[in-house]
Chemist: 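Take a look at this one; I'll ask things after.
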Amino acid sequence: MKNPEKTETKASFAREHDMTVGEIGAANLRIQCRGINVYYGEKHAIHNVSLDIGRNEVIALIGPSGCGKSTFLRCLNRMNDTIVGCRVSGEITLDGQNIYDSNLDVVPLRAQVGMVFQKPNPFPKSIFENVAYGPRIHGLVASKAELEEIVEGSLRRAGLWDEVKDYLLHPGTGLSGGQQQRLCIARTIAVNPEVILMDEPCSALDPIATAKIEQLIDELRNHYTIAIVTHSMQQAARVSQRTAYFHLGKLIEVGDTAQIFTNPKHQLTEDYITGRFG
Amino acid sequence: MNKSKEDTYIRSEGARTHAIVRAGLAKRRAAEMRFRLYGLISIVVGLSFLVILFGNIFSHAWPAFQQTYVALDVKFDEAVLVPDARFDAGTQASADYPALLKRSLYALFPEVTDRQEKRSLYGLLSSGAAHEVQKRLQEKPDLLGKTERIWVPADDDVDMFTKGAMDRNAEEGDRRLADSQLAWLDKLRADGRLEKHFNMTFFTAGDSREPELAGVWGAVMGSFFTLLVTMTLSLPLGIATAVYLEEFAPRNRWTDIIEVNINNLAAVPSIVFGLLGLSVFINFFGLPRSSPMVGGLVLTLMTLPVIIIASRSALKSVPPSIREAALGVGASQMQTVFHHVLPLAMPGMLTGAIIGMARALGESAPLLMIGMVAFIVDIPGSMAEPSTVLPVQIYLWADSSERGFVERTSAAILVLMAFLILMNGLAVYLRKRFERRW
């Protein structure tokens with residue numbers, strides 16, 4: 001409120017043009033979304049969202065509950081296909097390939113764009129089987145030794161190996177919540193995806209488990225492109241390089257994380273990050 | 001309001017609320033106790049009816065597991081059995097075994113000379129007694145010319161008498177055995193020639209007009225073949241339908257119509273399926289009447305909707321997070337279903353299927369329509385032979401006038417219930433065995 005005149009121009013600009021504030025493009029382009037609209041039956045869940053995601057960057061999607069950030073995330077590996085009555089229009093390209101092409105097979109797409117869910121959802125099988133499942137169904141391994149190598153490597157990268165190496169044949173559901181979530185991350189990276197989508201991966205975890213996952217995300221950034229939905233603004237500030245703010249199905253503002261949190265250009269973003277609502 | 005005033009206000013309000021809560025507490029507690037009491041009463045009433053039912057059936061069925069036998073010293077006389085000095089399979093079957101029995105029986109009562117009297121004496125033995133003698137000789141051909149003591153089944157009236165179901169003080173005309181017959185029986189018993197033994201016939205024989213010769217084995221085999229047909233058809237069909245409808249089929253008007261129809265079929269009275277079986281399987285396709293094949297097909301129609309509905313609800317109860325997890329690592333729809341969803345839904349599906357099969361085992365109405373109600377003595381050896389099933393056998397015996405069939409009806413009910421309990425136990429076991437946490 002220091003500069004009422006500036007705030008007023010920003011708000012009126014947004015009202016008049018109904019456009020996203022900030023730079024939607026990204027250096028080192030990997031995923032490009034243009035004019036995405038999502039409908040659940042009659043409900044218009046996402047309005048005309050355009051956003052780019054770059055290589056080796058962590059982009060955080062923030063916003064109040066029901067603003068469509070999870071829906072947008074699920075568009076990126078066509079997880080929304082499984083929801084009855086969900087329609088997606090617009091164009092999303094991954095490395096130049098339109099992923100909503102009717103000829104495109106979703107199986108390789110989902111191997112390429114992995115996903116970690118809000119609630120840890122390990123298969124009710126052993127820890128080893130959980131991680132081995134992906135490589136096995138995609139035929140990535142020729143021998144048992146190779147499979148064991150992949151399982152160990154994935155668990156190591158997920159920071160879980162030392163905790164579970166003696167219990168590989170125990171059920172994955174017997175682990176603690178944080179361990180289960182890291183097991184799910186290990187399962188996702190076992191198929192060597194290029195992009196990892198994370199839908200509030202820490203919402204069910206305590207602060208220590210959360211810290212471990214955040215550290216993990218930071219390490220994973222060197223190999224993968226990561227899009228993370230989070231309700232915790234501190235988390236977004238800690239792990240991401242870019243941040244996108246969603247409000248009522250619209251992408252309000254996107255920009256460098258530091259800029260969004262210190263100098264938001266849109267009134268709604270400012271209200272949200274200063275805790276005026278949300 | 002200043003600080004202390006507000007404080008007092010809050011405190012007094014708090015006390016008031018507390019008092020109101022306390023005042024209502026007794027009423028609340030009473031309501032709770034009443035509700036528990038109602039539950040307890042209904043359970044006790046239900047259980048006592050169950051006890052009465054079981055007690056009644058058990059007490060009726062108990063005597064059927066024993067059968068009265070008469071011991072006779074049978075001389076396998078060559079002069080009677082081999083009149084033309086040729087003894088082979090052909091003449092052996094047609095030899096006069098009753099004559100052997102009559103001889104040894106009359107030898108015990110030399111005072112009986114009158115033709116009429118002799119006939120009523122021989123009437124103490126079952127009409128199947130001669131068959132026992134024949135069977136014994138077949139087992140041991142070297143008995144020819146020798147004498148052996150054989151226990152042969154007594155007539156069902158004698159059986160009833162030894163089991164105490166006949167009052168010997170009643171007027172002679174009011175009971176099925178004459179005074180003279182009772183006297184002979186007393187003598188036989190005094191000689192240790194009248195005893196009750198375990199009734200093996202009941203578990204090994206087919207149906208008969210004579211209670212002492214009737215058994216459930218024919219009906220058990222009929223039920224077995226019928227259920228075999230039902231299971232091999234309805235289990236794969238039902239599970240495949242449920243998986244397709246639940247996991248693969250698009251949600252549109254057609255699948256809605258199919259779903260409504262399946263639910264309706266589950267509520268169709270079973271006798272309607274019997275009529276359908278009669279007109280389609282027997283009259284149109286010409287499959288053998290009264291056969292377990294047709295019975296199984298009819299029961300398949302009846303069980304399918306039950307299995308489909310149970311399997312679908314088992315599939316629905318698998319948490320969607322498991323599906324998402326599998327799809328998320330790039331499993332195809334089919335891999336997701338077969339690797340993750342089906343194993344988790346299996347216990348529920350099996351339970352539903354077995355409950356459906358148990359219902360089919362206890363079903364009689366539709367089978368009456370396709371002729372499985374016929375009187376069939378032979379034990380069926382295949383799915384195309386005429387046979388009957390346990391519930392229909394119970395129905396047939398319950399309808400018979402002989403006193404001996406009353407206890408056999410109850411005993412057959414016990415056999416049927418034993419199978420039902422076995423199947424339900426299997427369902428519980430399978431559910432426990434395959435149940436997994438997630």
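Each chain gets a letter, A, B and so on, in the order its sequence line appears, and its residues count up from 1.
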Chemist: What pairs meet the salt bridge (Lys or Arg N to Asp or Glu O under 4.0 Å) rule with one or both residues in residues 306-322 of chain B, with sequence neighbours excluded?
Modeler: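 For residues 306-322 of chain B: B:Glu246-B:Arg312, B:Glu259-B:Arg312.
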
Chemist: Which residue pairs satisfy the side chain to side chain donor-acceptor pair (under 3.5 Å) criterion with at least one member in residues 341-363 of chain B, sequence neighbours excluded?
Modeler: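 Applying side chain to side chain donor-acceptor pair (under 3.5 Å) to every pair that reaches into residues 341-363 of chain B, excluding sequence neighbours, yields B:Ser270-B:Glu363.
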
Chemist: Using modelled atom types only, decide if a donor and an acceptor are shared between the side chain of A:Glu200 and the backbone of A:Ile228 within a distance under 3.5 Å.
Modeler: no

Chemist: Under 4.5 Å, heavy atom to heavy atom, which residues of residues 187-198 of chain A contact chain B?
Modeler: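 The list, in residue order, reads A:Arg187, A:Val191.
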
Chemist: Please name the pair of heavy atoms, one in A:Ala244 and one in A:Leu51, separated by the smallest distance, quoted to 0.1 Å.
Modeler: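 Heavy-atom minimum between the residues: CB-CD2, 4.3 Å.
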
Chemist: With only heavy atoms counted, which part of A:Arg136 is less than 4.5 Å from chain B, the side chain, the backbone, both or neither?
Modeler: neither

Chemist: Quick one: which residue pairs count as a salt bridge (Lys or Arg N to Asp or Glu O under 4.0 Å) with a foot in residues 344-355 of chain B, not counting sequence neighbours?
Modeler: none

Chemist: Is A:Gln179 reaching over with its side chain to a backbone N or O of A:Ser176, donor-acceptor style, under 3.5 angstrom?
Modeler: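 Between the backbone of A:Ser176 and the side chain of A:Gln179 there is a qualifying donor-acceptor contact (under 3.5 Å).
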
Chemist: Is a side-chain donor or acceptor of A:His44 paired with a backbone partner of A:Ile46 at a separation under 3.5 angstrom?
Modeler: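 Side chain of A:His44 to backbone of A:Ile46: a pair is present.
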
Chemist: Of the listed residues (A:Val113, A:Val107, A:Thr82, A:Asn77), which shares the most heavy-atom pairs with chain B below a 4.5 Å separation?
Modeler: A:Val107

Chemist: Based on non-hydrogen pairs under 4.5 Å, which of A:Met115, A:Met79, A:Arg78, A:Gln118 is most in contact with chain B?
Modeler: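 Highest number of pairs under 4.5 Å: A:Met79.
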
